[in-house]
**Q** 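Dumping the structure here so I can ask a few things about it.
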Amino acid sequence: MTQESNSTAPTRLERVGALARAYGEQVFIAADQLVNALIPPLDGTVSYADETLSARCYRAHRDGKILGRLFMRPINLLFFWQGPDHCKNAYTKEFARKNYPSEYHPPNEPRYTSRSTQPPA
C-alpha cells in the first residue's frame, strides 16, 4: 500500500469520530423534537412529534402566532453558523425529510446519512 492511498482512506479514529458526530446529531434532533412535542399549543400552533422546534417556530411566525414572534429570532441567532433563516430552512427540511435515516427514503431518491459525515446529493 502506498502512502498516497493510505492517506485518502479514513482512519479508524476518523470513522469513530464521524460515527460519534452522527450519533450526537441524532440525539440532539430527538431532544429537539421532544421539547417541541412537550410545548402545549397555547397559541394555536400544534406540535408534531417528528417536527423540530425550529420548524414549528417558523410555522408559528408565518401564521403570526406568539411562539414564532418570541422564539424564531433567538433560535436563528443560536444557530447562526448554519446560515441565515435557520428556522425557515428547518421547516423546508421537514418536507424533504432530511432528518430521516437513509433506509426510509424511497429507493429512487438520493440517500442521506448525516450532515456531519456526508453531504446530501
Side-chain angles (χ1 to χ4, degrees):
M1 197 182 274
T2 66
Q3 186 172 355
E4 183 179 317
S5 64
N6 192 17
S7 65
T8 59
T11 65
R12 178 176 165 78
L13 184 60
E14 290 170 335
R15 288 191 310 270
V16 169
L19 185 59
R21 281 189 300 278
Y23 172 75
E25 183 179 302
Q26 291 303 308
V27 169
F28 181 80
I29 291 170
D32 186 357
Q33 291 172 339
L34 176 63
V35 168
N36 176 51
L38 293 174
I39 296 174
L42 299 176
D43 68 348
T45 306
V46 177
S47 64
Y48 300 111
D50 196 37
E51 179 182 45
T52 63
L53 182 58
S54 300
R56 181 179 177 189
C57 282
Y58 174 76
R59 282 192 306 112
H61 173 78
R62 178 198 64 195
D63 297 342
K65 306 289 184 168
I66 190 79
L67 181 76
R69 289 196 304 263
L70 288 177
F71 293 107
M72 193 171 99
R73 186 176 182 101
I75 289 173
N76 280 339
L77 288 172
L78 184 64
F79 293 97
F80 68 92
W81 74 89
Q82 293 183 357
D85 298 324
H86 165 78
C87 291
K88 183 177 182 181
N89 293 336
Y91 176 77
T92 304
K93 288 177 187 176
E94 293 292 342
F95 283 101
R97 300 182 187 264
K98 292 289 187 182
N99 295 330
Y100 274 35
S102 302
E103 65 186 78
Y104 291 107
H105 288 264
N108 59 346
E109 289 186 6
R111 296 263 174 175
Y112 179 79
T113 55
S114 171
R115 287 181 294 278
S116 62
T117 57
Q118 181 182 23

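This is a predicted model, so every value here is computed, not measured. Below, each value reflects all heavy atoms present in this structure, side chains not excepted, and no hydrogens, waters or symmetry copies.
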**Q** Do Phe28 and Leu34 share a hydrophobic cluster (ILVMFWY, side-chain heavy atoms under 4.5 Å, transitive)?
**A**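 Looking at the clustering, Leu34 is in a separate group from Phe28.
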**Q** If hydrophobic clusters are built from ILVMFWY residues whose side chains come within less than 4.5 Å, do Leu78 and Leu53 share one?
**A** yes
**Q** Is Phe79 reachable from Phe71 through a run of hydrophobic residues whose side-chain heavy atoms are each under 4.5 Å from the next?
**A** yes
**Q** Identify the two heavy atoms, one from Glu94 and one from Ala55, that lie closest to each other, and give their separation to 0.1 Å.
**A**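 That would be CG-CB, 3.7 Å.
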**Q** Between Asn76 and His86 (side chain of the first, backbone of the second, donor and acceptor by atom type, cut-off under 3.5 Å), is there such a pair?
**A** yes
**Q** Quick test of your reading: applying side chain to side chain donor-acceptor pair (under 3.5 Å), list the pairs with at least one residue in residues 60-72, sequence neighbours left out, ordered by first then second residue.
**A** Arg62-Tyr91
**Q** Quick one: pull up CZ in Arg73 and SG in Cys57 and give me the separation to the nearest 0.5 Å.
**A**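 These two atoms lie 14.0 Å from each other.
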**Q** Taking all non-hydrogen atoms of both residues, which atom of Ala90 and which atom of Ser54 are closest, and how far apart?
**A** CB-CB, 3.7 Å
**Q** Just checking Tyr23: does its OH atom have more than 12 heavy atoms from other residues, nucleotides or ligands closer to it than 6.0 angstrom?
**A** no
**Q** Taking Pro10's backbone N and O only, do any of them form a donor-acceptor pair with Arg15's side chain (distance below 3.5 Å, no angle check)?
**A**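 Yes: the side chain of Arg15 pairs with the backbone of Pro10.
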**Q** Checking the side chain of Asn36 only, and the main-chain atoms of Tyr48 only, is there a donor and an acceptor separated by less than 3.5 Å?
**A**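 Looks like yes, one N/O pair under 3.5 Å.
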**Q** side-chain contact (heavy atoms from CB on, under 4.5 Å), that's the test. Do Arg56 and Ile39 meet it? Break it down for me.
**A** CA-CA 10 Å; Arg56 181 179 177 189; Ile39 296 174; 3.5 Å; yes
**Q** Closest approach of Ala60 and Gly68, non-hydrogen atoms and distance?
**A**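 Looks like CB-N, 3.3 Å.
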**Q** Does any N or O in the side chain of Asp32 come within less than 3.5 Å of the main-chain N or O of Thr52, such that one atom is a donor and the other an acceptor?
**A** no
**Q** To the nearest 0.5 angstrom, please state how far the OH atom of Tyr58 sits from the CG atom of Asp85.
**A** 8.5 Å
**Q** To the nearest 0.5 Å, tell me how far Cys87 SG sits from Gln82 CD.
**A**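 Result: 10.0 Å between the selected atoms.
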**Q** Of the non-hydrogen atoms in Val46 and Glu51, which two are nearest, and what is the gap between them?
**A**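 Of all heavy-atom pairs spanning Val46 and Glu51, the closest is O-OE1, 4.3 Å.
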